[in-house]
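Notes follow once the structure below has been shown.
The chains referred to below are lettered A, B, ... by the order of the sequence lines, with proteins before strands, and numbering in each begins at 1.
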2 protein chains.
Amino acid sequence: MDDIPGLETGTLPAPRTFDALKDLVATGHARLPKRLSQAAQYALAHPDDIALGTAASIAAAAGVQPSTLVRLAHHFGYGGFSDFQLVFRDRLKSRASTYEERLRKIEDGTLGGSDEVALLGGFIQAARSSLDALSDSVSPAQFAQCVDVLAGADTIYLVARRRAYPLAAYMAYAFAKLGIRSVLLDSANGIDGEIADLARPGDAAIACSFSPYAPDSVAQAKALSSAGVPLIALTDSVMSPLAACATHWLEVSENDFGGFRSLSAGMTLAMALPVAIAERRRHQG
Amino acid sequence: MDDIPGLETGTLPAPRTFDALKDLVATGHARLPKRLSQAAQYALAHPDDIALGTAASIAAAAGVQPSTLVRLAHHFGYGGFSDFQLVFRDRLKSRASTYEERLRKIEDGTLGGSDEVALLGGFIQAARSSLDALSDSVSPAQFAQCVDVLAGADTIYLVARRRAYPLAAYMAYAFAKLGIRSVLLDSANGIDGEIADLARPGDAAIACSFSPYAPDSVAQAKALSSAGVPLIALTDSVMSPLAACATHWLEVSENDFGGFRSLSAGMTLAMALPVAIAERRRHQG
DNA sequence: GGCAATATGGAATGGTTATTCCACTTGAGT
DNA sequence: ACTCAAGTGGAATAACCATTCCATATTGCC
């Protein structure tokens, strides 16, 4: 080994975040030798390249040798270039970066001490990152189109089973409060099919279903769709059977904790939709 | 080589953007075999993982073999997994640059008004800050106490009306999946009171209600409580009538957007509780 | 129900990559 | 100008990773 890791910067542990690394370079970079300084400068100027490139490609771009990058990493106390690179990759993963780390920590914790709070924390994190994903996956245009269709409907039929049911249950409540006619297809006496058959093209339907898609929901959505009823789907991927038969669909991919997928993103959409429809109707008369 | 690249999907060149890939999967997904479909679904649901992970780590996360990922890439006409991965890396790079912009846009939008996306953004923000508040307002000890009580119950009775109903509906679903006896008091024929009367001190109840507290919920909670049934309340303040009669209660104060309060924090709690109870029971036997 | 075609799991392989090592250079102190 | 420590370039190496291959399992068809 060339040098004792961390000697130059004292015996501090390597910074685990990009910002911390930045500070370290800013305060102590006068002590860096020429090539290391050159490499460090390039790293801070092109963080994305560091995250996604190979040592060889980065070295070439920065005008140094690959070994210099390894040395730089050692200088800051990292185990090697790969370790150094992790900081840049985390940064790239927007906000989800600390999420996986935390999740792993929580998982370790639950195995060791069976701490209930870790569990709650895990679900909170899953919910949070699901929300982050929502703003990315639902585009303004898509949302507006869905609102358009639903605002023009006479009666809105709500289809959801099992895990997705709370979304429809909430929307039924919201629609009622907002003075929007809706029918929640959740009858316990098995007449949902017959009720749905009464839907007309002038109506519309919202179907919510996530993998593994409840057969009932899918069948009902298909029936409504082929009856000419405009169908808005809240589902989790392009592979969803709902995406295939829907007029428009909104992607809601939820993160999970311990196999239990969050509902926060879906629920948030379920809150926004009714209000948006009500707003649209008010402005259009 | 297993197959001629691109044969299955025609001789089209492999899509070079994430969206194009998405479309391809959407239109031709019926032709994908089970494992390939599974891998494709994971890829679309966790694009960041594909971008930054290794074939082995991704395969493990998706529950498939590394070779399956290579086959998937070939299926779509890519030269290999690495080529396939480039699409996801590009997406990550371009997204990272616009990410902060987007967040700012959402924040600005909430002030601006009439646009539908601003509305969605507003609800997302409300949900997010509700989650932040949740980790503060629910203490480890409180949560553990509630889990304690519920883990010792024979049957768990669920009380919720109106806006809080989705929480109870979800818990009923989760309890069923986890093999925990529960009764959701939501009968449409008005026999909830009689059913609740059958609850014994060896059972327990969870009541969810937020201001303005639905009279039905409060009455039912009080009845259960005075019958000696341990009562856990999910409610929004010390002033809540539920806080008065509950054995333990958890504070869930949701933020609102335009007067519509979020449900994310409550929903997250509703997800964590059943799992925590199941865990506790497993460890205690 | 049997056969062929396709899909899959898992180990072997070959290529690429980070890392290490060593000879050489640079620069600072005396 | 000499010496020594530190820095650097570049080749050698060892670890890792994507890829391939083959035996087994599954599916679809007759």
Query raised in the report: Phosphate oxygens OP1/OP2 of C:dG9: is one of them under 4.0 Å from a side-chain N or O of B:R35?
Result: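 Indeed, a polar side-chain atom of B:R35 lies that close.
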
Query raised in the report: If only side-chain N and O atoms of A:T68 are considered, is one of them under 4.0 Å from the OP1 or OP2 phosphate oxygen of D:dG9?
Result: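 So the side chain of A:T68 is within the cut-off, an N or O lying under 4.0 Å from OP1 or OP2 of D:dG9.
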
Query raised in the report: Would you call A:D236 and A:R261 a salt bridge, using N to O less than 4.0 angstrom?
Result: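 A salt bridge links A:D236 with A:R261.
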
Query raised in the report: So, are B:K93 and A:D49 salt-bridged, with charged N and O less than 4.0 Å apart?
Result: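 Result for this pair is no, no salt bridge flagged.
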
Atom-to-atom span, [atom1] of [X] to [atom2] of [N] - whole angstrom:
X: A:R71; N: C:dT20; atom1: CZ; atom2: P; answer: 11 Å
X: A:Q38; N: D:dG7; atom1: CD; atom2: C1'; answer: 13 Å
X: A:L69; N: D:dG7; atom1: CG; atom2: C1'; answer: 15 Å
X: B:L52; N: D:dC17; atom1: CG; atom2: P; answer: 14 Å
X: A:L72; N: C:dT19; atom1: CG; atom2: P; answer: 12 Å
X: A:F88; N: C:dA18; atom1: CZ; atom2: P; answer: 14 Å
X: A:H74; N: C:dA18; atom1: NE2; atom2: P; answer: 13 Å
X: A:K34; N: C:dG27; atom1: NZ; atom2: C1'; answer: 11 Å

Query raised in the report: The side chain of B:V70 lies closest to which of these nucleotides: D:dT8, D:dT20, C:dG10?
Result: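 The answer is D:dT20, which lies nearest to the side chain.
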
Report task. Ignoring the backbone of B:S67, work out which of D:dT8, D:dT20, C:dT20 is nearest its side chain. Result ->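 Closest nucleotide to the B:S67 side chain: D:dT20.
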
Report task. Have a look at the helix from C:dG1-D:dC30 to C:dT30-D:dA1 and give the angle its two end axes make, five pairs each, rounded to 10 degrees. Result ->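 Terminal axis comparison yields 30°.
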
Query raised in the report: Considering heavy-atom distances to DNA chain D, does A:L36 or B:Q85 have its closest nucleotide positioned more toward the 5' end?
Result: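 Of the two residues, A:L36 wins.
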
Determine whether the side chains of [X] and [Y] contain a donor N or O and an acceptor N or O closer than 3.5 Å.
X: A:Y157; Y: A:D192; result: no
X: A:T235; Y: A:S240; result: yes
X: A:S129; Y: A:N255; result: yes

Query raised in the report: B:Q65 side chain to B:A59 main-chain N or O, any donor-acceptor pair under 3.5 Å?
Result: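 Not at all, since once roles are kept as given, no pair shorter than 3.5 Å links the two residues.
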
**Report entry** Close aromatic pair by centroid cut-off 6.0 Å: A:F88 and A:F18
**Finding:**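 That pair passes the under 6.0 Å test.
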
Report task. Check salt bridge (charged side-chain N to carboxylate O under 4.0 Å, His left out) between A:D216 and all other residues, then give those that pass, not counting sequence neighbours. Result ->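 A:D216 satisfies salt bridge (charged side-chain N to carboxylate O under 4.0 Å, His left out) with A:R161 once adjacent residues are dropped.
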
Query raised in the report: Once the angle between the rings of A:F84 and A:Y78 is folded into 0 to 90°, is it parallel (under 30°), tilted (30 to 60°) or perpendicular (over 60°)?
Result: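 If you compare the ring of A:F84 with that of A:Y78, the planes turn out perpendicular.
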
**Report entry** Any residue of residues 57-66 of chain B with a heavy atom less than 4.0 Å from an atom of DNA chain C
**Finding:**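 B:Q65, in order of number.
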
